[in-house]
Amino acid sequence: DVRCIVAITDAIGTGTILNDDVPPSIVADQVFTISEDAAVNQLVGAIQVDNLTAGSVAWTIVFGNTGNAFSINSDNQINVAAALDRETLASYTLTLSVTDGVNSSDQETIVINILDVNDNAPTIPEQTLSVSDDAVNGTVVGTITVNDLDESPVFGDFIITEGNQDGVFALNNSTGELTIDDDATLDFESTASYTLTVTVRDGVNQSSAGTVTIEVIDTNDPPSEIIVMDVNDEDDDDDQVTIDFIETTAIGTAIAELTTEDVDSDEFTYSLENNEDGLYTISGSQIVVNALLDYSATPTDTITVVST
């Protein structure tokens with residue numbers, strides 16, 4: 001590039017004319033940052049330009065000025081011209097050109113990165129966790145999922161606001177980890193699911209209430225009771241039942257009917273314990289005589305019925 005100053009003399013006097021054949025040049029690879037909560041007219045920075053002669057300086061943003069977010073004045077200063085939102089657009093790449101009133105620059109790009117501000121409340125999406133109804137205290141059910149549009153949020157103040165009236169669950173205030181706190185009331189047959197309402201904070205903003213469903217998985221609990229019914233009398237659900245019959249009762253004769261109370265199942269298998277002499281056996285849901293009886297040898301016998 002060459003510039004020269006030419007002296008001109010006329011009848012009136014002598015003056016100088018600057019040769020403006022050299023156009024301005026926008027310095028490449030310029031990067032700026034501005035917070036997303038910057039006010040309109042706030043200064044972003046000044047653009048570096050070579051060979052820009054003072055005069056009728058005018059800037060053109062050719063591409064990239066989404067939402068007319070920025071403006072550039074004749075002092076080469078970039079200013080905020082509209083509200084910014086990093087969650088909508090985190091970076092602008094502006095293609096620019098400038099003229100000094102005589103010559104125009106080639107187009108060049110600059111980058112403006114938008115800095116995050118914690119201006120969005122966290123949200124708790126609807127979610128479902130599950131736990132077995134035989135889980136003991138301290139069992140981890142899961143961790144509450146939280147969403148936040150802001151960068152690197154730090155969550156805390158997790159609170160269960162509704163749905164935990166019987167105190168089955170505990171929620172870690174800092175981590176959002178949900179655990180069993182009272183296993184005594186955790187039972188599928190009484191409550192098959194829980195709906196918890198939960199809130200959380202990100203240090204500045206509090207979420208609206210989110211719904212967390214806990215599905216209780218049924219386990220096959222032991223039968224709660226065996227009912228023995230003497231075929232000749234009424235049923236008896238005591239722990240010990242007395243059945244009377246004569247010693248001449250024939251082999252294969254049923255002496256008792258068995259039923260089991262179990263909320264998990266209606267199909268059971270029975271067996272006998274303490275039946276070493278083999279006088280009795282199980283046939284389906286009945287106790288039947290399995291050998292010849294002799295009152296003088298065994299006037300009474302005690303056996304145990306097991307239901308599975």
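Reckoned from all heavy atoms, side chains included, excluding hydrogens, waters and symmetry mates.
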inquiry  = Can a donor-acceptor pair be found, under 3.5 Å and without considering hydrogens, that links the side chain of Asn76 to the backbone of Ala46?
reply    = no

task = Quickly, which of Leu129, Leu178, Thr211 forms a side-chain contact (heavy atoms from CB on, under 4.5 Å) with Leu196? Name it, please.
result = Leu178

request  = Using a 4.5 Å cut-off on heavy atoms from C-beta on, say whether the side chain of Leu96 contacts that of Glu108.
outcome  = no

Donor-acceptor under 3.5 Å (Asp133 side chain, Phe188 main chain) = yes

Heavy-atom side-chain contact between Thr259 and Glu257 under 4.5 Å = no

message = Test your reading of the model: is there a side-chain donor-acceptor pair from Ser193 to the backbone of Ile214, 3.5 Å cut-off?
response = no

inquiry  = Looking only at side-chain N and O atoms, does Asp182 offer a donor or acceptor that is under 3.5 Å from a partner on Asn137?
reply    = no

key: Smallest separation among heavy atoms of Ser35 and Val117, with atom names   = OG-CG2, 3.2 Å

key: Close side-chain approach of Ile47 to Trp59, heavy-atom, < 4.5 Å   = yes

ask   = Can you name the one residue among Val305, Asp301, Ile243 that meets side-chain contact (heavy atoms from CB on, under 4.5 Å) with Tyr280?
value = Asp301

note = Tightest non-hydrogen contact, residues Ala250 and Val289, listed as O-CB, 3.7 Å

task = Decide yes or no for Ser97 and Thr60: does some side-chain heavy atom of the first lie under 4.5 Å from some side-chain heavy atom of the second?
result = yes

message = Strictly distance-based, threshold 3.5 Å: is any side-chain N or O of Asp100 a donor or acceptor partner for the main-chain N or O of Ser104?
response = no

task = Answer yes or no: is there a donor N or O on one side and an acceptor on the other, between the side chain of Arg86 and the main chain of Leu89, under 3.5 Å?
result = no

task = Please check if the side chain of Gln30 supplies one atom and the backbone of Val27 the other of a donor-acceptor pair under 3.5 Å.
result = yes

request  = Please check if the side chain of Glu177 supplies one atom and the backbone of Gly142 the other of a donor-acceptor pair under 3.5 Å.
outcome  = no

query = Is Asp157 reaching over with its side chain to a backbone N or O of Val200, donor-acceptor style, under 3.5 angstrom?
reply = no

remark   = Minimal heavy-atom distance between Ile124 and Thr145, with the atoms involved, is CG2-O, 3.8 Å

Note, Asp218 side chain near Glu189 side chain (heavy atom, < 4.5 Å) = yes

Side-chain heavy-atom pair Phe32, Val44 within 4.5 angstrom cut-off = yes

query = Will you find, in the side chains of Thr33 and Asn113, an N or O donor that is under 3.5 Å from an N or O acceptor?
reply = no

task = Find out whether Asp37 and Asp119 are in side-chain contact, i.e. whether some heavy atom of one side chain is under 4.5 Å from a heavy atom of the other.
result = no

remark   = Pro24 and Ser105 have their tightest heavy-atom pair at O-CB, 3.0 Å

inquiry  = On a heavy-atom basis, which atom in Val212 and which in Ile144 lie closest, and how many Å separate them?
reply    = CG2-CD1, 3.8 Å

query = Within a strict 4.5 Å, meaning less than it, do heavy atoms of the Glu87 and Asp150 side chains meet?
reply = yes

